[in-house]
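Here's the structure we're looking at; comments come further down.
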Amino acid sequence: MTNAQIAAILNELADFMELSGENPFKVNAYRRAARSVENSRHAVAELRDHLEELPGVGKGTAGVIEEIIATGRSGQLEELRQQLPPELPDLLHIPGLGPKSIYTLYRELDITNLQALQTAAEQQQIRELPGFGPKKEQKILEEIARFGKRPERRLLHEALRVAHRFKEQLAKGEKIIRVEMAGSIRRLRETIKDIDFVVATREPGEVSEWIVSLPEVVEVVNQGETKVSVIVEAEGIEMSVDVRLVTPDQFASAWHHFTGSKEHNVRIRQRAKQYGWKVSEYGIFNPETEETKTFADEADFFSHLELPYIPPELREDRGEMEKAEQGELPELIRIEDYRGDLHMHSLYSDGADSIYKMAKAAQERGYEYIAITDHSQSLKVASGLTMDEIFEQWEEIQKVNEELENFTILRGTEMDILPDGRLDFPDELLEQMDIVIASIHSSFRQDEKTMTRRIVEAMENPHVDIIAHPTGRLIQRRDPYQVDIDDLFQTAADTGTILELNANPHRLDLNDELLKKAKEEYGLTFTINTDAHSAEGLANIFFGIATARRGWLEKQDVINTMPLKDLRKRLKKGK
DNA sequence: GCCGTTTTCGGCCCGACTGTTTTCAGTCG
């Protein structure tokens, strides 16, 4: 039983309890316990009688968790499933419908699923219910029509393209004093549901009118004095955008508030409460003086709560508040610390650019070195290199190296780990390489034992320096391989193998949570690489650094921050 | 159901917006 599986059952339990009108604080307690299980650094299934040490887990939820671990199920959940239609929680995904409305619809009209909801709305039955009306009925129909059409979440790189474009537009507003991104896009989460902006202005009414008139706005969802919600189309992508309008002196508080996360904000409010203050998007209210304090910037805001500045990427309530209180926040890696990209492809395999062009582009980015790591012979779909082609490539690398000043190209390979666990090149070749990356590109569906064995054996080879994209997931497209991640981390620690954070925005693999776990529990070292297939692809390092920061990585955790001499030493792995 | 440097009860983050009301409930972030 994984933490995620246990948490999923607790969350489902919370959904059903909410729908059956259970005390909201109780429902919230289950959600909190679920989150705590999910974020635990330990395998909760192994915790035994230490369950109640998890924050938000007490006697009651501990009992439920024990039952889930022992039987894989929850009697309470089964019971609720008997009492309520099993598809009812699906309706919670319809925007504008919450537990109260759904329960009313079920009780009064026997609506148990999406289809029944649509039929009832079309037959104008919903408008007759207390608390409902024609407008709500219409909105339900619109949301059903939209349901599943637009992807619920977009990849960060797509969302950022839309956000940058729309921000440029907003910045042109005459009455707009300042505009910044907030929400999950500012925290650089790997996927984004809607884009948040905070705008400072003294003329909110006028600005709100102006925003909805912008050419990128294709639909106005709602519009008030302090908030405008619209659908924006830019760069061929439609996304929902929320713009919050505040006065200039409220800006810092509002920016923090709308950056979230929700969970982080809860912790901030709880801390303020210890001083007897109330935090809102407008500032920090002191009931004794009846004054609302506003702030020059976010650092000022945090400092009023006697906290150091917490970077947006950490604001997830994954331990940042505790560390901030103790003055032990990590000094997160920055893009300026990055000296060279160690995983990229050239024309020799499936890349679009020559070695020279890749090197030149890297040099222009301020790098000191790169590694050319084309695919190996078995990966025929990507024109993997035979040994003879490798030797040819080395000659070209040497030539370009002589041509470029203060820059070094390392001889590397991204070598396939074959389905039976063998490596695609013999040791005699590997030992002549400057850098050897091993990775999986075939037989993704092997069972956990086979897959784990396959990767572990590759790490045990003294010439394999790096495992690329260690879980193989493609965000929202392909699940990770079945692999025992703790085995993998332990072997990396034992053998000195470096795990990659692949910066491709579709991969981001290892992800933020696994990075944090690998660092904290196993003390691993990482490499961040773009896996670029063209010179432009090198720019994706932005997403790698973003994910590394979300995974609490510091400069010293990442080999790409080392000077070349130290890097070469680190790559020896006891050879 | 959880929690406690206001500790075993009585709170639990806070405010905006919408659609339904005629003073507010439900939803959302």
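The analysis underlying the following values was restricted to heavy atoms, covering all of them including side chains, and did not include hydrogens, waters or symmetry mates. Small disclaimer: the values here were computed from a predicted structure and weren't measured. Lettering of chains follows the sequences in order, A, B, ..., and the numbering in each one begins at 1.
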Item to check | Passing option when A/Arg153 is tested against A/Met239, A/Glu190, A/Lys193 for side chain to side chain contact (heavy atoms under 4.5 Å, CB included) | outcome: A/Lys193
Under 3.5 Å, side-chain donor or acceptor atoms of residues 246-255 of chain A against the rest of the protein: list the pairs with distances, not counting sequence neighbours.
unit_1: A/Thr247; atom_1: OG1; unit_2: A/Asp249; atom_2: OD1; d: 2.6
unit_1: A/Thr247; atom_1: OG1; unit_2: A/Gln250; atom_2: OE1; d: 3.1
unit_1: A/Gln250; atom_1: OE1; unit_2: A/Thr247; atom_2: N; d: 3.0
unit_1: A/Trp255; atom_1: NE1; unit_2: A/Met181; atom_2: O; d: 2.9

Checklist entry - Does A/Thr226 place a side-chain N or O at less than 4.0 Å from the phosphate oxygens OP1/OP2 of B/dC17? => result yes
Next on the checklist: In whole Å, measure the gap between the P atoms of B/dA16 and B/dG11 for me.
Outcome noted: 24 Å
Next on the checklist: Nearest to the side chain of A/Asn222, heavy atoms from C-beta on, is which of B/dG1, B/dC2, B/dT18?
Outcome noted: B/dT18
Item to check | Members of residues 111-142 of chain A that approach DNA chain B, where some heavy atom sits under 4.0 Å away | outcome: A/Gly131, A/Phe132, A/Gly133, A/Pro134, A/Lys135, A/Lys136
Next on the checklist: Work out how far the P atom of B/dC3 is from that of B/dT8, and round it to whole angstrom.
Outcome noted: 16 Å
Next on the checklist: My understanding is that only residues two or more places apart in sequence, or in another chain, count here; which of them pass ring pair (Phe, Tyr, Trp, His ring centres under 6.0 Å) with A/His157?
Outcome noted: A/His506
Checklist entry - Where along residues 80-105 of chain A does a heavy atom come under 4.0 Å from DNA chain B, residue by residue in number order? => result A/Ile94, A/Pro95, A/Gly96, A/Leu97, A/Gly98, A/Pro99, A/Lys100, A/Ser101
Checklist entry - Taking NZ, NE, NH1 and NH2 as the nitrogens, is one of them in A/Glu263 or A/Arg32 under 4.0 Å from a carboxylate oxygen of the other? => result no
Checklist outcome for this item: Sorted by position of nearest nucleotide on DNA chain B, 5' first, the leading residue of A/Lys273 and A/Gln76 is A/Gln76
Next on the checklist: In the structure I gave you, are the side-chain heavy atoms of A/Glu313 and A/Arg187 within less than 4.5 Å of one another anywhere?
Outcome noted: no
Next on the checklist: Can you confirm whether the side chains of A/Asp512 and A/Thr547 place a donor and an acceptor under 3.5 Å from each other?
Outcome noted: no
Item to check | Residues forming a side chain to side chain contact (heavy atoms under 4.5 Å, CB included) with A/Glu331, sequence neighbours excluded | outcome: A/Glu554
Checklist entry - Quick one: ring-ring contact (aromatic ring centres under 6.0 Å, His included) pairs with a partner in residues 264-283 of chain A, sequence neighbours left out? => result A/His256-A/His264, A/Tyr275-A/Trp277, A/Trp277-A/His304
Checklist entry - When you compare B/dG29 with B/dT22, how far apart are their C1' atoms, in angstrom units rounded to a whole number? => result 28 Å
Checklist outcome for this item: Mate of B/dC17 across any strand shown (Watson-Crick or G-U wobble, both atom pairs under 3.5 Å) is B/dG26
Next on the checklist: Using atom P in both nucleotides, what's the gap between B/dA25 and B/dT20 to the nearest angstrom?
Outcome noted: 16 Å
Next on the checklist: When the C1' atoms of B/dC17 and B/dT21 are compared, how many Å lie between them, rounded to an integer?
Outcome noted: 15 Å
